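Ligands are counted one by one from 1 in listed order, and the atoms in each one are counted from 1 as well. Nothing here was measured: the structure is a model prediction, and the numbers come from that model. Each residue takes its place number in the sequence, starting with 1.
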Amino acid sequence: MNFDHDEQQVLFRSAVREFVESEVAPNAAHWEEEERFPWEVWHHLADLGLCSLALPEEYGGGGSGKTMLCIATEELARASGGLSVAYLVSCGVAMDGICMHGTEQQKSNYIPRCSRGEIAYFALTEPEGGSDVATMRMRYRETAAGYELNGTKTFISNSEEASFGVVFATRDPSLGHRGVSAFVVERDTPGFSIGRRERKTGQHCSSTNEIIFDQCVVPKSALIGEEGEGLIIALESIDKSRVSVAAQALGIARSAYEEMVRYAQERHAFGKALAQLQAIQWMIADSATELEVSRLLTYRAAWLIDRGNLAVKESAMAKLYASEAAGRICHRAVQVFGGIGYTREASVERYARDQRITEIYEGTSEMQRWAIARQVLGMK
Ligand SMILES: Cc1cc2nc3c(=O)[nH]c(=O)nc-3n(C[C@H](O)[C@H](O)[C@H](O)COP(=O)(O)OP(=O)(O)OC[C@H]3O[C@@H](n4cnc5c(N)ncnc54)[C@H](O)[C@@H]3O)c2cc1C
């Protein structure tokens, strides 16, 4: 099996890297301090075609597939974890349900808007639980005007920047997964409001808020797929998008690793460079190996998806491994930097903070292990 990048993908990676090095890397620490979303860079990113990259060509998208989306996500994450999550949510998981199950009207409206740089959110998690999504509390009911939504979603990425988003609600919690439906909701819909902004550990330039639906009435045309298909749409979207979080973790880990190698060669202790000390060499060797495994798992899963496979197990393996390996690599990078690694003088402390959430969102590590085991054991 050969899942190396082809020439187009190699060229694409170097173009994104050039953009990231000139516009993202020099400013990313600043955006974090200010907790500010970099709209100016986002608009440029859209102009370069990065927002439309993986969206279907017949609606104005780039039709480039998962490998390209992972390349873009990895390169963005190398400089800014926050910008990369805004990207993978808006141009990935939030659009997947619309692309796979949306009506013609939804596709021809939302795909061009996302391509032009409008931002989308994906609202599944509720205060009572994120892993056990079938126990959803947020309700909807059919009215003469459409569907009335009532409830609260929590930890929603992009909520402050988004102009629309995909929201999941149940007709009746006692129906379990069969009661859940998916809706696309415009930001200016009466009854929609943005609640508390979370005070997070990292990825500060990306907003994460509660969103509140209070007698929020959307038209009938807002329903995605059929009533009762919502949970399938949510899980398919996450299955398809999960590998992007692996790519994000890979990008953050690469930066931490590169910084660790550079610093180990520059910094001296006991009359020699840190890189001459075996304890440090082992940290570098383990990190290089884990980075390589993360890369292979991530791009293998993307390669399979681009060939029409669901790759549920492979994506879960990639996300599980790459996110946990990124944790170990960031931890070592801080260690190699010593005291300065624990200060904002060094970017490795930011990478360590940005990495942590990759083990939690779009399914925790425990949920990935569960998904892998179910596939291995052939369980429904
Ligand atoms: C910065 C950030 C951004 C986010 N963005 C979004 C977003 O855009 N959209 C969205 O919908 N959500 C988003 N989330 C929510 C995120 O997906 C959830 O936090 C995550 O799915 C975990 O859910 P929870 O926090 O409710 O934890 P819980 O589900 O309460 O889990 C708590 C712990 O118990 C473990 N656990 C639970 N069930 C089991 C089990 N059966 N077996 C073993 N262990 C188990 C979990 O793995 C975890 O360790 C975001 C969260 C954060 C922090």
Check this for me: Arg187, atom CZ, are more than 12 non-hydrogen atoms of other residues, nucleotides or ligands nearer than 6.0 Å? yes
Enumerate the ring-ring contact (aromatic ring centres under 6.0 Å, His included) contacts for residues 151-210, please, sequence neighbours excluded, ordered by first and then second residue. Tyr110-Phe164, Phe122-Phe168, Tyr140-Phe183, Tyr147-Phe183, Phe192-Phe213
Under the salt bridge (Lys or Arg N to Asp or Glu O under 4.0 Å) test, which residues partner Glu229, sequence neighbours left out? none
Listed pairs under 3.5 Å, donor-acceptor, residues 254-261 side chains, sequence neighbours left out:
residue: Arg254; atom: NH1; partner: Glu74; partner atom: OE2; Å: 2.5
residue: Arg254; atom: NH1; partner: Glu75; partner atom: OE2; Å: 3.1
residue: Ser255; atom: OG; partner: Arg78; partner atom: O; Å: 2.4
residue: Glu258; atom: OE1; partner: Arg78; partner atom: NE; Å: 3.3
residue: Glu258; atom: OE1; partner: Arg78; partner atom: NH2; Å: 2.8
residue: Glu259; atom: OE1; partner: Arg262; partner atom: NH2; Å: 3.0
residue: Glu259; atom: OE2; partner: Arg262; partner atom: NE; Å: 3.3

Is it true that, when you exclude Arg171 itself, more than 12 heavy atoms of the residues, nucleotides or ligands shown sit nearer than 6.0 Å to its CZ? no
Rounded distance [0.5 Å steps], CG in Asn158 versus CG in Asn209: 10.0 Å
Taking a 3.5 Å cut-off between nitrogen or oxygen atoms, can you list every pair linking ligand 1 to the protein, with distances?
residue: ligand 1; atom: 5 (N); partner: Phe155; partner atom: O; Å: 2.9
residue: ligand 1; atom: 5 (N); partner: Ser157; partner atom: OG; Å: 2.8
residue: ligand 1; atom: 8 (O); partner: Ser157; partner atom: N; Å: 3.0
residue: ligand 1; atom: 8 (O); partner: Ser157; partner atom: OG; Å: 3.3
residue: ligand 1; atom: 9 (N); partner: Phe122; partner atom: O; Å: 2.7
residue: ligand 1; atom: 11 (O); partner: Leu124; partner atom: N; Å: 2.9
residue: ligand 1; atom: 11 (O); partner: Thr125; partner atom: N; Å: 2.9
residue: ligand 1; atom: 11 (O); partner: Thr125; partner atom: OG1; Å: 3.1
residue: ligand 1; atom: 12 (N); partner: Thr125; partner atom: OG1; Å: 2.7
residue: ligand 1; atom: 14 (N); partner: Phe155; partner atom: O; Å: 3.2
residue: ligand 1; atom: 26 (O); partner: Gly130; partner atom: N; Å: 2.6
residue: ligand 1; atom: 29 (O); partner: Ser131; partner atom: N; Å: 2.9
residue: ligand 1; atom: 29 (O); partner: Ser131; partner atom: OG; Å: 2.7
residue: ligand 1; atom: 47 (O); partner: Thr364; partner atom: OG1; Å: 2.6
residue: ligand 1; atom: 47 (O); partner: Glu366; partner atom: OE1; Å: 2.7
residue: ligand 1; atom: 49 (O); partner: Glu366; partner atom: OE1; Å: 3.4

